[in-house]
**Q** 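First the structure, then my questions, so here it is.
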Amino acid sequence: MKFPIDRFQSIRTPFYYYDLDLLSRTVAEAAAQTGDSRYHIHYALKANANPLVLAPIREAGWGVDCVSGNEVEAAVVNGFSPDSIVFAGVGKTDEEINYALGVGIGCFNVESLPELEVISELASARGVTAKVALRVNPDIDAHTHHYITTGLNENKFGIDLRMLDDVVDKALALPGIKLVGLHFHIGSQLTDMEPYRMLCDKINELQAHFAEKGITFSSINVGGGLGINYENPDADPIPDFKSYFEIFRENLELGENQQLHFELGRSIVAQCGSLISRVIYVKKGVEKQFAIIDAGMSDLLRPALYGAHHKIENISSPDAKEEVYDVVGPICESSDVFGKDEKLPALHRGSLVALRSAGAYGETMASRYNLRALPSSIAF
Ligand SMILES: *Cc1c(COP(=O)(O)O)cnc(C)c1O
């Protein structure tokens, strides 16, 4: 990636930089590769809720996947149509459910029987009908591939397969509710398509099972999770949407009048974003040297939270002779480390570095820990 470094010089670091051209090309490629008019993308807003990032996504006509009442509100405020909003999450409060009922969202992705009962009650009290999909835990082990897994039985997400028949019957019987479909989300940062193929098999099996009982669904939602190349972002600036959607086209049996929904977050916004930071000090130890930068885990939490690694680049002097650094933030936590033994062109006080692939789960996870300022953002 070519960084507009002249324009960076006057901006207070650290800040997020979003390459809107790459974002637009990513959105266009994902849209082009869906390849079926029954396929619909809902952008997972928790990945990045910056209005500058949301604009091209809204213009593509996509819906939004939300996991809190405030995210539903952010989607509405940013001009997304309420009926294109789906709302997941294991702990929706009464206040959040009432808010979503009030704006008339497209679908609640319901994660438990008690939640279903509360939505039924609150919708009935308002005299409205809530469209719901049941989030199923398909017991697919994406973890064997070291992914961040959400689709296993011991996980807090979704309804256990063994209880699904009962919950479906309940959903069909309760007032104030219209059961429209089944929802799945098996994990995040999946770069191998095999778990998605397994998911398709599972959905085919479930649809056949319910069809036998005379129950059909107008909507199937397969969640998100498509991964990106963190180690070499310039090799894959746009994820392989073709292979991703092909898996569903080739393996999922979808009826003429059934709609298939996707909730992509990371794969849409990760590669267009970088966290730009300045070296405060180069500190020489006995055996190591540290590049202490002005961004910390309060600005980009993923390394401290998941042991994730973002590619680090010296964008001030990319051609300087390489040296080895531990690249660390200023925060009083030992986990505030962005890279150990990083080979980088020589850094100096004032050098600018880019932490790449930071457009997803970067700015949205920022905090004010140590009473630091929240990072700012620019996009062009
Ligand atoms: C987080 C989340 C997503 C998006 O996941 P990505 O890995 O960013 O694509 C989709 N659906 C649900 C329910 C989620 O919680």
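Note that the structure is a prediction, hence the values are computed from the model and not measured. One-based numbering, in listed order, for ligands and for the atoms of each.
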**Q** With respect to Arg266, determine whether any N or O atom, backbone or side chain, lies less than 3.5 Å from an N or O atom of ligand 1.
**A** yes
**Q** Heavy-atom contacts with Gly224 under 4.0 Å: which atoms of ligand 1 show up? List them by number with element.
**A** 9 (O), 10 (C)
**Q** Please list, in number order, the atoms of ligand 1 under 4.0 Å from a heavy atom of Gly265.
**A**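 Atoms satisfying the 4.0 Å criterion: 6 (P), 8 (O), 9 (O).
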**Q** Cation over ring, Lys92 on Phe87, under 6.0 Å and within 45°?
**A**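 Satisfied, under 6.0 Å and within 45°.
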**Q** Using distance alone, with no hydrogens and no angle criterion, decide if His185 and Arg135 have a side-chain donor and acceptor under 3.5 Å apart.
**A**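 No, no side-chain donor-acceptor pair sits under 3.5 Å.
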**Q** Starting from atom 11 (N) of ligand 1, what is the nearest protein heavy atom, named by residue and atom, and what distance separates them?
**A** Glu263 OE1, 2.7 Å
**Q** Going by distance alone, is a donor N or O of one side chain under 3.5 Å from an acceptor N or O of the other, for His209 and Asp165?
**A**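 Asp165 and His209 do have a side-chain donor-acceptor pair below 3.5 Å.
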**Q** In Å and rounded to the nearest 0.5 Å, what is the OG to CZ distance from Ser274 to Phe8?
**A**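 If we round to the nearest 0.5 Å, Ser274:OG and Phe8:CZ are 7.5 Å apart.
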**Q** Can you tell me how far the CG atom of Leu264 sits from the NE2 atom of His42, to the nearest 0.5 Å?
**A**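 One gets 10.5 Å once the value is rounded to the nearest 0.5 Å.
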**Q** Below 4.0 Å, non-hydrogen atoms only: which portion of Asp65 touches ligand 1? Side chain, backbone, both or neither.
**A** side chain
**Q** What distance separates Ile41 CD1 from Leu260 CG, expressed to the nearest 0.5 Å?
**A** 10.5 Å
**Q** Checking a contact table here: which protein heavy atom is nearest atom 9 (O) of ligand 1, and how many Å away?
**A** Gly225 N, 2.8 Å
**Q** Looking only at side-chain N and O atoms, does Tyr18 offer a donor or acceptor that is under 3.5 Å from a partner on Glu363?
**A** yes
**Q** If you have a sec, work out which protein heavy atom is nearest atom 8 (O) of ligand 1 and how many Å separate them, to one decimal?
**A** Tyr361 OH, 2.5 Å
**Q** Nearest protein heavy-atom contact for atom 7 (O) of ligand 1: which residue, which atom, what distance?
**A** Ser188 OG, 2.3 Å
**Q** For ligand 1, does Ala44 get within less than 4.0 Å through its side chain, its backbone, both, or neither, judged by non-hydrogen atoms?
**A**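 Looking at Ala44 and ligand 1, just side chain atoms fall under 4.0 Å.
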**Q** Looking only at protein heavy atoms, which one is nearest to atom 15 (O) of ligand 1, and what is the separation?
**A** Lys46 NZ, 2.7 Å
**Q** For Leu264, is at least one N or O under 3.5 Å away from an N or O on ligand 1?
**A** no
**Q** With Phe248, which of Phe262, Phe241, Tyr39 fulfils ring pair (Phe, Tyr, Trp, His ring centres under 6.0 Å)?
**A**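 Testing Phe248 for a ring pair (Phe, Tyr, Trp, His ring centres under 6.0 Å) against Phe262, Phe241, Tyr39 leaves exactly one candidate, Phe262.
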